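Take a look at the structure below.
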Amino acid sequence: MSDVRYPLSGITVIDLSHVYNGPYATFLMAMAGAEVIKVEPFLGEHLRSRGDMGGAALPFAMLNSNKKPVTLNLKSEKGRDLLKELVVRADILVENFAPGVMDRLGLGADELQKINPRLIYGSSSGYGKDGPYRDYPAMDLVMQAMCGVIDSTGFPGEPPVKSGAALCDFMAGIHLYAAIMTALYERSTTGKGRTVEVTMQDATYASL
């Protein structure tokens, strides 16, 4: 058994995120030594069964390596109670649901930080939790169009072309990781957690 201590050894992360954005942030935490508990619905998060990937292919396997998977039904009272039990002992929670989902479940940042004031609550969405685009869809391709990425690729005189990589998802993921690590450092001096939010649009803008 290795006795190597990594930068995030001793840190517990609850990962409710899915697809690329949030899972990339929590993957970086897992690689840095954090104990990451990957919470999925009973049939697994939908990246496992996307039709164009043939099941749990490389993207899912890569982004969720070094994590401990569990299943919870957050639409049931029992599932929500079990999540709250995990939150009591956690340092970080990460989610990238559509704005309002966690609040409707009674699991928003305010509620969970009442249970654990030291909790760092990390959230990511396409456009943020307020503003005129709040409820717009935020798949990577849509975000590339909204951010202007596809207008900077392709060929002169031809229509815009999608970037080959899902860069809006991964831009948001690395910014989310940085925001959470900044909040974790702050907690080391204040003893209190913080809510941090990263939007895919804001994270991608700087790259243009």
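Treat the numbers as computed from the prediction; the structure is a model and nothing was measured.
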Please assess Leu83 against Leu16 for the test side chain to side chain contact (heavy atoms under 4.5 Å, CB included), listing each intermediate value before the final yes or no.
CA-CA 10 Å; Leu83 181 70; Leu16 300 178; 4.1 Å; yes
Do the side chains of [X] and [Y] join up, straight or via other hydrophobic residues, at under 4.5 Å, putting them in one cluster?
| X | Y | result |
| --- | --- | --- |
| Val36 | Met62 | yes |
| Leu112 | Ile11 | no |
| Val87 | Val94 | no |
| Val70 | Met102 | yes |
| Val13 | Ile174 | yes |

Quick check: do [X] and [Y] have side-chain heavy atoms less than 4.5 Å from each other?
| X | Y | value |
| --- | --- | --- |
| Asn66 | Met31 | yes |
| Phe27 | Ser65 | yes |
| Arg80 | Leu72 | no |
| Leu28 | Met181 | no |
| Arg187 | Asp91 | yes |
| Leu63 | Tyr20 | yes |
| Leu8 | Leu184 | yes |
| Val149 | Leu208 | yes |

Find the distance between [atom1] ([X]) and [atom2] ([Y]) and round it off to the nearest 0.5 Å.
| X | Y | atom1 | atom2 | result |
| --- | --- | --- | --- | --- |
| Phe97 | Ser17 | CZ | OG | 8.5 Å |
| Met29 | Glu35 | CE | CD | 14.0 Å |
| Ile14 | Lys68 | CD1 | NZ | 13.0 Å |
| Leu82 | Asn73 | CG | CG | 10.5 Å |
| Thr182 | His175 | OG1 | NE2 | 11.0 Å |
| Ile115 | Glu85 | CD1 | CD | 10.0 Å |

Candidate list Gln144, Met200, Met143, test side chain to side chain contact (heavy atoms under 4.5 Å, CB included), partner Asp169, passing option:
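Passing option: Met200.
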Take atom CG in Asp130; do more than 12 heavy atoms of anything else shown fall under 6.0 Å from it?
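It does not: Asp130 CG has 12 such atoms or fewer within range.
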Please determine whether the number of non-hydrogen atoms from other residues, nucleotides or ligands lying under 6.0 Å from atom NZ of Lys192 exceeds 12.
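Counting neighbours around NZ of Lys192, 12 or fewer heavy atoms of other residues, nucleotides or ligands fall under 6.0 Å, so no.
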Between Thr26 and Lys67, is a side-chain hydrogen bond (donor to acceptor under 3.5 Å, both in side chains) present by the stated rule, with each step listed?
CA-CA 9 Å; Thr26 52; Lys67 299 179 184 179; 2.7 Å; yes
Main-chain N/O of Tyr185 paired with Ser188 side-chain donor or acceptor, under 3.5 Å:
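Flag set: sc Ser188 to bb Tyr185 pair under 3.5 Å.
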Asp151 side-chain N/O to Ala145 backbone N/O, donor-acceptor pair under 3.5 Å:
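No: the side chain of Asp151 does not pair with the backbone of Ala145.
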Contacts under 3.5 angstrom, residues 117-126 side chains, donor-acceptor by atom type, not counting sequence neighbours:
from	atom 1	to	atom 2	distance (Å)
Tyr121	OH	Glu95	OE2	2.9
Ser123	OG	Glu95	OE2	3.1
Ser123	OG	Lys129	NZ	2.4
Ser124	OG	Asn21	OD1	3.3
Ser124	OG	Asn21	ND2	2.9
Ser124	OG	Val198	O	2.9
Ser125	OG	Gly128	N	3.1

Closest non-hydrogen atom pair between [X] and [Y], with its separation:
| X | Y | value |
| --- | --- | --- |
| Leu74 | Leu105 | O-CD2, 3.4 Å |
| Asn96 | Gly22 | ND2-N, 3.5 Å |
| Leu167 | Asp140 | N-OD1, 3.6 Å |
| Ala90 | Asn116 | O-ND2, 2.8 Å |
| Ala32 | Tyr6 | O-CB, 3.1 Å |

Are the charged groups of Glu45 and Lys38 less than 4.0 angstrom apart, N to O?
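The answer is yes: the pair qualifies as a salt bridge.
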Salt bridge check, Lys114 against Glu111: does any charged N sit closer than 4.0 Å to a carboxylate O?
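Salt bridge present between Glu111 and Lys114.
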For side chain to side chain contact (heavy atoms under 4.5 Å, CB included), just list the numbers for Ile150 and Val161, CA-CA rounded to whole Å, side-chain angles, deciding distance to a tenth of an Å, and then say yes or no.
CA-CA 5 Å; Ile150 66 172; Val161 177; over 6 Å; no
